[in-house]
Amino acid sequence: MINDSFLDEAREVPSTAPMERVVAWSVFRSRADARNLLDHVHLAPGQALVGGHGQDSVAPYWWVGVQVQDMGQWGNATAVNKKGRLGD
């Protein structure tokens, strides 16, 4: 079973408050939707799930991302999937 406790941490999405070596993330409006993604993420060696929750002008949000150990292995550092400012 995947540990999803990081979803309970107050942490803004990386496009608002940059987080080191986070290369991909998605934003959800419910914790349940964020948790559902975890079972569908396939990580390579040197990658880990990260995330948290915050609040914007619309409503609370939860986010799930991938943090890599080595940006050089990721490839082009500008190829970071932001999916819009808050996942839209």
Side-chain angles (χ1 to χ4, degrees):
M1 183 161 163
I2 296 172
N3 180 354
D4 63 0
S5 62
F6 61 84
L7 292 173
D8 298 324
E9 296 179 29
R11 183 181 298 142
E12 292 183 346
V13 69
S15 54
T16 301
M19 188 174 173
E20 191 173 346
R21 300 181 328 276
V22 176
V23 297
W25 59 87
S26 297
V27 178
F28 304 89
R29 289 296 177 183
S30 75
R31 188 186 190 288
D33 287 343
R35 173 61 184 93
N36 185 49
L37 177 69
L38 302 184
D39 293 328
H40 305 284
V41 175
H42 299 280
L43 298 171
Q47 298 178 349
L49 289 171
V50 294
H53 68 86
Q55 171 105 21
D56 61 16
S57 62
V58 177
Y61 64 82
W62 289 258
W63 67 275
V64 174
V66 175
Q67 188 173 43
V68 297
Q69 278 182 336
D70 182 356
M71 286 296 291
Q73 288 184 337
W74 175 254
N76 185 348
T78 62
V80 172
N81 177 16
K82 295 183 175 114
K83 293 185 76 178
R85 182 172 174 272
L86 291 174
D88 49 348

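The analysis underlying the following values was restricted to heavy atoms, covering all of them including side chains, and did not include hydrogens, waters or symmetry mates.
Contact check for L38 versus F6: side-chain heavy atoms found under the 4.5 Å cut-off. No side-chain heavy atom of Q47 sits less than 4.5 Å from a side-chain heavy atom of V23.
Note that CZ of R29 is 4.0 Å distant from CG of D56, once rounded to the nearest 0.5 Å. Once rounded to the nearest 0.5 Å, the distance linking CG of L43 with CD of Q67 reads 11.5 Å. With rounding to the nearest 0.5 Å, the separation of OG1 in T16 from OH in Y61 is 5.0 Å. To the nearest 0.5 Å, atoms NE2 (H53) and CG (D8) are separated by 6.5 Å. The CG atom of L7 sits 9.5 Å away from the CG atom of L37 when rounded to the nearest 0.5 Å.
Residues that satisfy the side-chain hydrogen bond (donor to acceptor under 3.5 Å, both in side chains) test with S57, not counting sequence neighbours, are absent from this structure. Applying the salt bridge (charged side-chain N to carboxylate O under 4.0 Å, His left out) rule to D33 yields no partners; only residues at least two apart in sequence or on another chain are considered.
Both W62 and I2 are part of a single hydrophobic cluster, where members link through side-chain heavy atoms under 4.5 Å apart.
Closest heavy-atom contact between R11 and M19: CD-SD, 3.7 Å. Counting all heavy atoms, side chain and backbone alike, P14 lies closest to V22 at CG-CG1, 3.9 Å.
Screening residues 37-51 for salt bridge (charged side-chain N to carboxylate O under 4.0 Å, His left out) gives R35-D39 as the qualifying pairs, with residues at least two apart or on separate chains.
Side chain of W25 to backbone of V50: no donor-acceptor contact under 3.5 angstrom is found.
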